[in-house]
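In what follows, residues are counted from 1 in the order of the sequence shown. Small disclaimer: the values here were computed from a predicted structure and weren't measured.
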Amino acid sequence: MSITRNKSPSEDPHNLRHRSSNTNVDVEGDYIDMSPLPPFHKKAISSSLDGIRILPRVPTGSSSDLEDVELSLLSEEERASAGRNLEHGHGDAHSSAGGAKKTAMSPRDKKAMTLLIILYLIQGVPLGLALGSVPFILREHLSYSQLGVFALSSYPYSLKLLWSPIVDSTFLPSIGRRKSWIIPMQLIIGSLMLYIASNVGRLMENPADNIHELTFIFTSLVLFSATQDIAVDGWALTLLSQENLSYASTCQTIGLNTGFFASFTVFLALNSEAFADKWGIPRLELSVYLRFCSLLCFGVTFWLAFFEKEGSESLDGSEMTVTSVYKTIWNICKLKHVQALIIMHFFAKIGFQANEAVTSLKMIEKGLGREDLAIVVLIDFPFQILGGWYAAKWSNGDKPLRPWIWAFWPRLAFALVSTLIVYWFPTPPLSYGFFVFLVIHTVLQGLASTIQFVGISAFHTKISDPLIGGTYMTLLNTFTNLGGTWPKYFVLKGVDYFSEAYCEVKEAHSELLVKTAECVSERGKEVCLDINGNCVTERDGYYYVSAICISFGVLFLVFYIIPTARKLQALPVYRWRISPE
C-alpha cells in the first residue's frame, strides 16, 4: 500500500491537530459503543457510556526505542520538521498539556462546545430509545427470540467503519463538508420519530405482528444517527481550536449521555404508571416524547442550516482517497497479530453476554419495577465516570492490557452473581436492603467494565499507526464493538430455545389439571390465556444460556485471551505499523 504525503507535519495544520489528541468514550452492555472515522488521517472518537478517558496517540513515558521507531517511519525532512515542532511545543497533546500553560477558553470555542453538545444530544435520543427503553417496553409483549430480532437494530453503530470514508469524502462545498451530512441526517431522524409517534398505537399494541417493521424502523434510526455521528466527530476536530481540542470528548460525553439517559432512564421512569401515581404526575406517553424530540431535532437543524457557518477550513482536501482508505483497512487486517487481536475481540465478551442482554429483562419479569431499574442505572452512571478516571492511571503504563485481563475475572464473577440474583429474586415489594445490594452490585459491575474499556483503549492508542490516523483506531474499535453486539441475537434466541414451559388448564367441575400446548412463544402464551390456562415454566433457558456463556468465557480467557494478550502486548510498536511504499 502506498500513502501519499504532500505535506510535512509542520506544514499541515490538520496533521498537527489530528496528532494532538485522541478521544475515546466507550459503551457497553446495553450500551453501545461508537467509533466513527473522521477525515481519513485523523483520530476516531469512540463512544460508549461505560467510561471516559482522553488518551494520547503515543503514551507518554514510552521508551526512547519506541520514539526511534516512530521517527524511523518518517523521511529526513519530516523528522527535522517534527523536531522543530517539539522544540516549539507543538508535540503531542499529552506533552503539551503537561508543559504548556493553560489559556482561557475563547468565546468561539465556548460556542463550538455548545453546538457539539446539542448535536451529540440529538444523536443520543434515538440510541436511548432503540437500545434502552423500547426493548424493556416490548418485553411485556415479545418472546426473547423476537427481542433477539429487534436487537439487530444496534448493528449500525458497530459497522460505521464500512461507510465512514464515504461520509468524510463526499459533500457539497456550497453547504459544507459536515453540514452536507448532518442536516439531511437530522431531518430524516426527526421524520422517523414523527412516523413512529403517529403509528405508535398500531406498532406497540401488537408488536409481535409488527416486529420486522419495528426492527427496520429502529435500525434505520440508529443507521442515520451513526452517520450523523461520523460527520459530527469530524467537525469537532475543526470547530475547536487546537489547544482546546481535547474538549471534544467532554462535549460528546455530556451530549450523548444526556440524550441517551433522557430516552432511557428518565423516559422509562416517567412512562411507568407506578412512578406517575406515586408522584402524582401525568404519565409520559411514548408518542408525546417522540413528537417533542422530533421538534427539537427540526429546530436545531433549522438553526444549523441558516445561522451556523461551517468555515472554510473544513473544506480542505484529504490526503487519502476513499479507495486508499479501504485498501489501508485491508492491509491492516492482513497482519497476523492484528488477526489474532480481532479473534480475541470477536469472542472476548461472550462470557458476560447473557448477563448484559437478559438479566435486566429477567429482573423486570421477576417484579423489579422499570422505575427502580432506571434509578439503579442513574446511580451507576457517575460511578462509572469516576471509575474511568482512576482506571486510566492504572492503564497508562507499558502493559495496558494487564488491567483489561484482570478485570475479566470480576466481570465473569458478577455475571454468575447476577444469575443467582435472578434465581433467588425476592417477591415484591423489594426490601430497602436488597435494593441497596442491587445498586452496589451494579456499580461494581460497571467499574469492572470501565476498567476493561480503559485498558483496551490504551492498548489501541499505543499500537495505532499515527501515519494513517483514525483508520487504524476505528478498525480496532469496530471489532471491539462487534464483540459485544453479534452474540446478543443468539443469546436471546437461546433463552427461548432452552426454555420449556406448558399451559396448565383446570378442567371444569374437577380438580384435574391438564397440560396442553407450549407456553414459550408469545403465540403459545396467547392461546393459553384464551383457554383460561396458566403458563408454568419447567425449565428457564436463561440459566442454561448463562452457564454456557460463563463457561465459554472462563475457558476462552484461560486458553486464548491471557496467552495471546501477553504476546501481543510484548510486541514492539513497529510490528503494528503499515510500512509506506
Taking atom types as modelled and ignoring hydrogens, do the side chains of Tyr542 and Thr359 form a donor-acceptor contact shorter than 3.5 angstrom? yes
Asp229 vs Tyr120, side chain to side chain contact (heavy atoms under 4.5 Å, CB included): CA-CA, chis, key distance, verdict: CA-CA 7 Å; Asp229 176 61; Tyr120 280 122; 3.8 Å; yes
In Å, rounded to the nearest 0.5 Å, how long is the span from CG of Leu223 to CG of Leu192? 10.0 Å
Going from CD on Gln228 to CD1 on Ile122, what distance comes out if it is rounded to the nearest 0.5 angstrom? 6.5 Å
What about the rings of Trp424 and Phe434, do their centers lie closer together than 6.0 Å? no
I need the Ile196 CD1 to Phe218 CZ distance, nearest 0.5 Å. 4.0 Å
Evaluate side chain to side chain contact (heavy atoms under 4.5 Å, CB included) for Thr419 paired with Asn355, printing each intermediate quantity in order. CA-CA 7 Å; Thr419 306; Asn355 178 33; 6.0 Å; no
Relative to the ring of Phe352, is the ring of Phe408 parallel (under 30°), tilted (30 to 60°) or perpendicular (over 60°)? tilted
Regarding Thr227 and Trp181, is there a side-chain donor-to-acceptor distance under 3.5 Å anywhere? no
Arg577 side chain to Ile463 backbone, donor-acceptor under 3.5 Å: yes
Could you check Arg575 against Leu335 for side chain to side chain contact (heavy atoms under 4.5 Å, CB included), going step by step and ending with a plain yes or no? CA-CA 9 Å; Arg575 292 285 302 277; Leu335 295 175; over 6 Å; no
Parallel, tilted or perpendicular, as decided by the 30° and 60° cut-offs, for the rings of Phe490 and Trp486: perpendicular
Check the orientation of Tyr544 and Phe498. Use parallel for under 30°, tilted for 30 to 60°, and perpendicular for over 60°. parallel
